[in-house]
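Just so you know, residue 1 is the first one in the sequence shown, and it goes up from there.
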Amino acid sequence: MLTAVPLFECQRRFENADQIVPRSNRKHCGAAYFIPETEPPSLSAGAGDPRPGYASQPWADTLRRVVPDLEYRNAAVNGTTTEHALAQLDRLIDFAPDLLHLPSGANDIVGRVPDYARIEKELRELYRRAAATGAQLTAFTLGRAYRIPTFEDWTDRVRTVNAITRGLAAEYRAVLIDMWDHPVNDRADLLSADRIHFAASGQAVLAAEVVKQLAHRLGRRVPS
C-alpha cells in the first residue's frame, strides 16, 4: 500500500536544507520514500500493538510532528526480501525522494542457512542505486530484542547483518539509527504480542532517534 501525504518545503525547513532538499528537476519538492523493507514491518510500515500514553501510529507518521508537511510513500510489505526491494527501485527513482529509508536484511536471514555474500551483494546494489537518486539515505540496525527462537544462532545472524548495514551506511553516508544495543531493547513492553514487532512505545523511540540523527547530520540541536 502506498500513501502520499508534503516533506521538507524546498529551502525553508532547515538551516542546511541544501543537504537534503531536492534538485530543481525533481518532481516532488520535499518527499521521502520508504521502500519495501527486508525487516519486520514495524521498522518501516510501523505495525505494532498499542500502548497506553502513546499514539498508535508508525514512526514515520510521528515525524510529522516535527515536519508537519511531511510527504512519504511507505510500500513496506511483511516478509519482503532485499531482492524484492530491488524490484521497487524504478518507482523509487520516479518519486525522486529527499529522504530514503533502506532495508536492513532481516527477512534475508530468516532461512535455514543465510547467504551473507548474497545479502551483502544485494544490499550494496540497493544502496548504490538509492544513493544515485541524490536522496539522504537512512537505515536501522536490528535491535537485540528482535529474536526468532527457532534459530539457535539468531544473535550471530543479527550481528552479521548489522555489520553489513553499518559498513554500507558508512560507505554511502547514510544516516544510521543503530538500534542493536539501544536501551529501548530492555523495555518489558517493547514488543507486540507476536514478540517481533515494536509496539507503539517502540515506534515513538524510533521516530525520536531518526529526528536526532538527522538533526546531527544537519548540524542542528534537537530541543529536549
Side-chain angles (χ1 to χ4, degrees), residues 5-9 11-22 30-35 37 39-48 51 53-72 74 76 97-104 106 127 130-131 134-146 158 161-163 165-187 189-191 197-224:
V5 280
L7 177 40
F8 310 124
E9 292 180 11
Q11 295 286 340
R12 297 184 289 181
R13 288 282 175 191
F14 294 95
E15 294 171 355
N16 297 322
D18 59 319
Q19 298 181 50
I20 60 173
V21 168
Y33 188 98
F34 298 83
I35 68 173
E37 285 285 6
E39 59 206 60
S42 60
L43 288 180
S44 50
R51 288 290 184 266
Y54 292 92
S56 295
Q57 60 186 20
W59 62 267
D61 281 355
T62 304
L63 293 183
R64 292 180 194 163
R65 296 185 180 184
V66 179
V67 187
D69 295 327
L70 179 70
E71 177 178 335
Y72 75 99
N74 191 334
D98 305 305
L99 289 172
L100 177 54
H101 185 69
L102 295 178
S104 301
Y127 270 76
Q136 172 62 63
L137 307 182
T138 66
F140 294 116
T141 57
L142 303 175
R144 53 182 167 78
Y146 169 48
V158 174
V161 79
N162 278 349
T165 297
R166 291 188 186 102
L168 291 172
E171 182 176 345
Y172 289 93
R173 300 198 73 249
V175 170
L176 181 67
I177 298 88
D178 200 332
M179 299 303 297
W180 165 250
D181 204 28
H182 191 285
V184 75
N185 287 278
D186 296 323
R187 289 189 181 182
D189 65 346
L190 173 66
L191 299 178
H197 301 112
F198 277 16
S201 56
Q203 296 296 320
V205 172
L206 290 175
E209 291 301 324
V210 171
V211 170
K212 286 196 294 184
Q213 294 303 321
L214 283 173
H216 178 73
R217 176 62 56 90
L218 295 174
R220 294 199 46 155
R221 182 176 298 176
V222 179
S224 58

Please check this pair: side chain of Arg217 against backbone of Arg173, looking for a donor-acceptor N/O pair closer than 3.5 Å. yes

Per side-chain contact (heavy atoms from CB on, under 4.5 Å), Leu99 is matched among Leu137, Leu214, Val175 by Leu214

May I ask you to test the Leu206-Glu209 pair for a side-chain heavy-atom distance under 4.5 Å? no

Considering all heavy atoms of both residues, which atom of Ala145 and which atom of Leu191 are nearest to each other, and what is their separation? O-CD1, 3.4 Å

Side chain proximity check, His101 to Val210, heavy atoms < 4.5 angstrom: no

Any chance you could measure His182, atom NE2, to Leu190, atom CG, to the nearest 0.5 Å? 10.0 Å

List for me each residue that meets side-chain hydrogen bond (donor to acceptor under 3.5 Å, both in side chains) alongside Asn162, sequence neighbours excluded, and say none if there are none. none

Which residues pass the side-chain hydrogen bond (donor to acceptor under 3.5 Å, both in side chains) test with Asp189, not counting sequence neighbours? none

OH of Tyr146 to CG of Asn185, rounded to nearest 0.5 Å, is 13.0 Å

Euclidean distance, Tyr127 OH relative to Thr165 OG1, rounded to 0.5 Å: 5.0 Å

A side-chain contact here means heavy atoms from C-beta on lying under 4.5 Å apart; do Trp180 and Arg166 qualify? yes

Side-chain heavy-atom pair Val158, Arg144 within 4.5 angstrom cut-off: no

Kindly say whether Leu142 contributes a backbone atom to a donor-acceptor pair with the side chain of Ser104 at under 3.5 angstrom? no

Which atoms form the tightest heavy-atom contact between Pro97 and Ala135, and what is the distance? O-CB, 3.3 Å

Working to the nearest 0.5 angstrom, can you tell me the gap between Ile177 CD1 and Thr141 OG1? 9.0 Å

Considering all heavy atoms of both residues, which atom of Ser201 and which atom of Arg187 are nearest to each other, and what is their separation? CB-NH1, 3.7 Å

Contact check, side chains of Asp178 and Gln213, non-hydrogen atoms, under 4.5 Å: no

